[in-house]
Structure formats: structure tokens, C-alpha cells
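Convention: sequence-line order gives letters A, B, ...; per-chain numbering from 1. Bear in mind that the values here come from a model prediction, so they are computed numbers and not experimental data.
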Number of protein chains: 2
Amino acid sequence: MRQQGVGGLTVSEIARRMGIRGPSLYKYFPSLHAVYDALFARGVRGNAEAVREALEPMPPGLDRIRAGVHATVRWCLGNQALAQLLYWRPVPAFEPSPESFAASAEEMGAARAELADAVRRGELQESADSDDALRLLTILMSGLISQQMANEPDAGYPAGLFARLTDDALDMFLAHYEPTRRS
Amino acid sequence: MRQQGVGGLTVSEIARRMGIRGPSLYKYFPSLHAVYDALFARGVRGNAEAVREALEPMPPGLDRIRAGVHATVRWCLGNQALAQLLYWRPVPAFEPSPESFAASAEEMGAARAELADAVRRGELQESADSDDALRLLTILMSGLISQQMANEPDAGYPAGLFARLTDDALDMFLAHYEPTRRS
DNA sequence: GTCTATAGGATGATAGAC
DNA sequence: GTCTATCATCCTATAGAC
């Protein structure tokens, strides 16, 4: 996928690189879409792991949210093929299975909990504990990642012209939900 | 492209729907990539036209920026296949030609000019007249569009869970560059 | 400008031997 | 679990008649 694009993944090519024949792959995956689904799940897990590692040493506070977003942007730019599978719809007719989608939703829940904690600690105003606030945050992440991948895919993190605006984007977001300002 | 995904476009299918044979298409386009390039250019033009129409009746002021962003989001969600070609990289090995890319850069210049005008009028602080500020704005647009298309492609504008956050995103952006606040 | 014919592949998937 | 053989279909692109 990294070399041919996400849509360029084929049963034959996977088998070729594994040193087996195409039909043998069907002992492990019932279809190419099942392979995509496994990759989607791997992407969710990989991203989640990267975020968890980044948050592990962080004390409570807004910096946890910053660290989580940075970790996601970094992971996505280091795993662009998987990131495309998670953030875009590059494969016609492929949708993640309910199981894979549920794993993705679980990660969203974790992010939502961080927002709720920040509100509880008085670091963000009430309205930050909402689906819309979480959506705004994902919009920022998706925009950072999409623009960097589409316009300057080789620059990576944190050098890229777009990726290095991650903190500016976070400044915008956190200021928007500052307790003293109104939403 | 709308039906099969951007990557699902084929010479044969185009010809089929035109009621001609595949080879006849090569009298008009030297390759499938050339078709993609023409579609890319059509996308740039279409988006630009939508923005221009939206800005035409608008007096000077920050509402011009808001109107431009809204017009882009609306156009993209009404032309999702072309939008994918503009904002993502859905076709392996396809890159827009220098000419098409230049047209795209021209539109960026127009957006940059709107930011500069707002600074001149004192509605945004100096730092808003910069490539980084423009990039932040494109990050917001790309994020709004990407999230809406990937998660809820049929909802469209302005009903979509993400698309309807366009004004919130703009509030964040414009507040970030408010003259009285520091960058 | 359209066509037929064709080159020269690729693909996802299955049947059935071993 | 791997293989060969194969199905049925698709693809981009070219040659050359009309």
C-alpha cells in the first residue's frame, strides 16, 4: 500500500511478496476486503497504542490533549497508508466491519473522556464535554493529516509545512473552549 | 467516480457510458491519467466558481472569509468525487500536471488576498497575512470536508454532523487572529 | 472520428490434487 | 496448507480499416 497506494493492494501482490501463490492466501483471508479490514483494525490498534504511550507519562492537564493529538499526527505521518484507510475512503466499496468500527469508536470514547476530565478540572468550559467538541478536534487532526499527506507526503512529522501547525491548531481549539471565554 | 469511487474510473466505463468504444476515447485523451488531470482542473474551476459566486454580493469584511469557506465546503460535499481528487490522493501514481496545479495555486492566492485585506482593514492581526494562516484555514476546510465525506458522506451540507461545525471552526480561526489577542 | 481486432497483461476467486 | 490450473472478467493501449 505504501508503494502503490491503498487502492493498489492486490491478492496477487501480497502473495508474491510473501513468496506464496495467490490462492494460498485464501486459507487466511476469505477475500481481499477481509485483508483491508484486518489492516483497518491494525491501524486503529497502532494509533491507539501510540496515543497511549504518549499519554502514559503525562500528568493530568491540557497537555495530555496536546500530547494525544501530536501522537496521532506523528503516527499517521509515519503510517500514511494505514492512516488513509482510517481517515479517508480510498477503497471503493470497502467499509470496515462492525467489529473494526467498534474498536475505532472505543478510541473516540477515550478521547472524549480526556475532554470530560479537562472540563471537570476546570481547564475547559462545560461545552468542551460534547460530541461536537470532539468532532471539532477530529476535524483539526484530519485536516492536519490530510493536508500534509496530500501536499507534502515526504516531509513527515514534525518538519512538514502543515504538521508543524499542530500546536497552532491546538491553541485555536483550546482557546475556543477556555473557561473565561464564551463558546 | 461518484458510483465506483475515484479509483474506479476506467477508460472502458467512460466509453461505455458515452456510447462509444474504448479506443475512440484516445482521440480525445492520450491516457486515463490525462482524463484525471482534466477532472482535476474541472474541480479547481468548479470550486473557484462556487467561491466567486458566493463572494460576489458580499461587502468587505470577515463575512467574506466565512462565505468563501462555506461555499467551498458546500461545493465539495456536492461534488465529492472531484473533491477527493483535489483534497486527497486517491489515485495511485496520479499527480496533477503543472498547469492544473498552477490553477490550484492561483485560487490559493485569491484566498490569501482575502486574508491580507482583512488585515489591512484591521479586522485580523498582522500574522493572519501569512502562508501559515492560510494553511491553518485550509487545514480546517480539509478537515471539515474529509471527516464529513469519510464518516457521513450522504448527509451533505449543511446538515452533516461535521459540515454544520463550519461556523464553529471559523469562530476558532477568526478568534485566533483577532486583533486584540496575541498570536 | 469511429470502429474491430488484438496485444499483453492484470485481477479476484474457485476446484481439486497433494 | 500449499500448490497448479483455471474461470471469467477486467484493464490500458495500439494498429489499422473505414
What side-chain donor-acceptor pairs closer than 3.5 Å can you find for residues 76-84 of chain A, not counting sequence neighbours?
unit_1	atom_1	unit_2	atom_2	d
A:N79	ND2	A:W75	O	2.8
A:Q80	NE2	A:L77	O	3.3
A:Q80	NE2	A:P153	O	2.7

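- In B:R21, the CZ atom is not crowded: 12 or fewer heavy atoms of neighbouring residues, nucleotides or ligands sit closer than 6.0 Å.
- When hydrophobic side chains of Ile, Leu, Val, Met, Phe, Trp and Tyr are connected at separations under 4.5 Å, A:V51 ends up clustered with A:L55.
- Salt bridge absent: B:E49 and B:R42 never bring a charged side-chain N and a carboxylate O closer than 4.0 Å.
- Looking at residues two or more places apart in sequence or on another chain, you find a ring-ring contact (aromatic ring centres under 6.0 Å, His included) between B:F173 and B:Y177.
- For the segment residues 36-43 of chain A, the set of residues with a heavy atom within less than 4.0 Å of an atom of DNA chain D is empty.
- For A:W88, the ring-ring contact (aromatic ring centres under 6.0 Å, His included) partners at least two apart in sequence or on another chain are B:W88.
- Along DNA chain C, read 5' to 3', the first and last nucleotides having any atom under 4.0 Å from a heavy atom of chain B are C:dG1 to C:dA5.
- Taking every heavy atom of residues 24-35 of chain A and every atom of DNA chain D, pairs under 4.0 Å involve A:S24, A:K27, A:Y28, by number.
- Hydrophobic cluster membership of B:M58, counting Ile, Leu, Val, Met, Phe, Trp and Tyr whose side-chain heavy atoms lie under 4.5 Å apart directly or via other members: none, as it forms a cluster of its own.
- Every residue was checked against the ring-ring contact (aromatic ring centres under 6.0 Å, His included) condition with B:F162, not counting sequence neighbours, and none meets it.
- Here B:F101 sits alone; no ILVMFWY side chain lies under 4.5 Å from its own, so it joins no hydrophobic cluster.
- Counting heavy atoms of neighbouring residues, nucleotides and ligands inside a 6.0 Å radius, atom CD of B:E13 exceeds 12 of them.
- Of the charged side-chain nitrogens involved, none lies within less than 4.0 Å of a carboxylate oxygen, so that A:E114 and A:R66 do not count as a salt-bridged pair.
- Each salt bridge (charged side-chain N to carboxylate O under 4.0 Å, His left out) pair with one or both residues in residues 135-161 of chain A, not counting sequence neighbours, appears once here: A:D132-A:R135.
- Contacts between residues 4-22 of chain A and DNA chain D, counted as heavy-atom distances below 4.0 Å, involve A:I20, A:R21.
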